[in-house]
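Every chain is numbered from 1 and lettered A, B, ... according to where its sequence line falls, protein lines coming before strand lines.
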Amino acid sequence: MAMKAAAIKLKAAAAPSTGFRALLFSTSRFPFNQPSPAQKPPPAEPSTNLFVSGLSKRTTNEGLRGAFEKFGNVVDAKVVCDRVSGFSKGFGFVRYATLQEAEAGIKGMDGQFLDGWVIFAEYARPRNPSPPTQNGPSNGFSSTNFR
DNA sequence: GGTGAGCGG
């Protein structure tokens, strides 16, 4: 009599077990994994080029340079403005002379206030090489598509 | 020019 009850008990316990196992081994992806190949990890790799966001619309190149010059030698400071309207887009780029100065600039200016807005400084991403004011393809020729 | 996450001429 007791064996019958034990058999039913085991059968009842084994039935949901398979269901759980199938559920556990069928879930191939969870948000804990990182299936993305290389999209956008939060901070970029160290570089002398800095991406500054959160700027005020009234912040100009001189204001940006003046704010970042206190932490190192700023080689280039540029606020990105729209080409047609000419107004600031609210972000810019600051280039330091060395990586140590860039690191000090990020640590010193990230989260600070500039013209009433909290700005964020981080390493800029490497982008396509063809600066018209640096390479000088003013003839209509481009060194990118040369084949 | 009023925009508020983002990567430039």
Side-chain angles (χ1 to χ4, degrees), chain A residues 8-147:
Chain A
I8 295 175
K9 213 168 163 189
L10 281 174
K11 196 174 176 185
S17 171
T18 56
F20 276 125
R21 196 176 57 166
L23 208 119
L24 282 175
F25 283 96
S26 63
T27 52
S28 52
R29 281 191 179 184
F30 264 144
F32 314 119
N33 305 8
Q34 293 184 2
S36 337
Q39 272 191 354
K40 206 170 81 168
E45 50 193 53
S47 155
T48 56
N49 216 18
L50 261 56
F51 172 70
V52 187
S53 57
L55 292 176
S56 173
K57 301 289 204 265
R58 307 177 305 191
T59 304
T60 179
N61 302 33
E62 283 72 30
L64 196 66
R65 173 180 283 256
F68 279 81
E69 255 179 355
K70 295 178 288 194
F71 301 96
N73 185 19
V74 176
V75 176
D76 185 32
K78 194 179 323 295
V79 173
V80 178
C81 300
D82 190 72
R83 206 172 3 152
V84 289
S85 64
F87 282 93
S88 171
K89 284 187 177 176
F91 65 92
F93 295 91
V94 174
R95 174 164 293 207
Y96 278 101
T98 62
L99 286 160
Q100 292 81 18
E101 292 172 336
E103 187 181 359
I106 288 183
K107 287 179 181 172
M109 284 307 297
D110 186 45
Q112 292 300 318
F113 276 88
L114 185 58
D115 287 335
W117 286 81
V118 182
I119 69 173
F120 299 101
E122 55 186 320
Y123 294 115
R125 312 186 173 120
R127 75 171 148 77
N128 298 346
S130 255
T133 56
Q134 219 172 30
N135 217 344
S138 303
N139 309 334
F141 285 100
S142 174
S143 43
T144 54
N145 280 341
F146 223 75
R147 203 169 276 233

S.K.: Show your working on side chain to side chain contact (heavy atoms under 4.5 Å, CB included) between A:T59 and A:W117 and close with a plain yes or no.
M.R.: CA-CA 10 Å; A:T59 304; A:W117 286 81; over 6 Å; no
S.K.: What is the separation between atom CG on A:D82 and atom P on B:dG9, rounded to the nearest whole Å?
M.R.: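 Answer to the nearest Å: 8 Å.
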S.K.: Counting any heavy atom closer than 4.0 Å, what does A:F120 reach on the DNA or RNA strands: base, sugar-phosphate only, or nothing?
M.R.: nothing
S.K.: Calculate the interatomic distance between A:R58 atom CZ and B:dG1 atom C1'; express it in whole Å.
M.R.: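 My rounded result for the distance is 14 Å.
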S.K.: Which heavy atom of A:C81 sits nearest a heavy atom of A:S88, and at what distance?
M.R.: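 In terms of heavy atoms, the two residues are closest at SG-CA, 3.8 Å.
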S.K.: For nucleotides 3-5 of chain B, give me every protein contact, N/O to N/O, under 3.5 Å, one pair per line with atom names.
M.R.:
{"residue": "B:dG4", "atom": "N1", "partner": "A:L55", "partner atom": "O", "Å": "2.5"}
{"residue": "B:dG4", "atom": "N2", "partner": "A:L55", "partner atom": "N", "Å": "3.4"}
{"residue": "B:dG4", "atom": "N2", "partner": "A:L55", "partner atom": "O", "Å": "3.0"}
{"residue": "B:dG4", "atom": "N2", "partner": "A:G90", "partner atom": "O", "Å": "2.9"}

S.K.: What's the CZ-P distance between A:R95 and B:dG9, to the nearest Å?
M.R.: 15 Å
S.K.: Does A:F91 have any ring pair (Phe, Tyr, Trp, His ring centres under 6.0 Å) partners at least two apart in sequence or in another chain, and if so, which?
M.R.: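 For A:F91, the residues satisfying ring pair (Phe, Tyr, Trp, His ring centres under 6.0 Å) (neighbours in sequence not counted) are A:F51.
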S.K.: Taking only side-chain N and O atoms of A:R127, does any of them lie within less than 4.0 angstrom of OP1 or OP2 on B:dC7?
M.R.: no
S.K.: Can you tell me how far apart CG (A:N49) and CD (A:E122) are? Round to the nearest 0.5 Å.
M.R.: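 Between A:N49 CG and A:E122 CD, I get 11.5 Å after rounding to 0.5 Å.
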S.K.: Report the distance from atom NZ of A:K78 to atom C1' of B:dG9, rounded to the nearest whole Å.
M.R.: 8 Å
S.K.: Would you check, one step at a time, whether the test side chain to side chain contact (heavy atoms under 4.5 Å, CB included) holds for A:D76 with A:F93?
M.R.: CA-CA 8 Å; A:D76 185 32; A:F93 295 91; over 6 Å; no
S.K.: Remember a base hit wins even if backbone is also touched, and classify A:N49 as base, sugar-phosphate or nothing at under 4.0 Å, heavy atoms.
M.R.: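 Base, at least one base heavy atom under 4.0 Å.
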S.K.: Under 5.5 Å between ring centres and under 30° between planes: true for A:F93 and the base of B:dG8?
M.R.: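 Check passed, A:F93 stacks on base of B:dG8.
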S.K.: Atom CZ of A:R83 and atom P of B:dG8: how far apart are they, to the nearest Å?
M.R.: 12 Å
S.K.: Test of understanding: with ring pair (Phe, Tyr, Trp, His ring centres under 6.0 Å), list the residues that count as partners of A:F71, not counting sequence neighbours.
M.R.: none
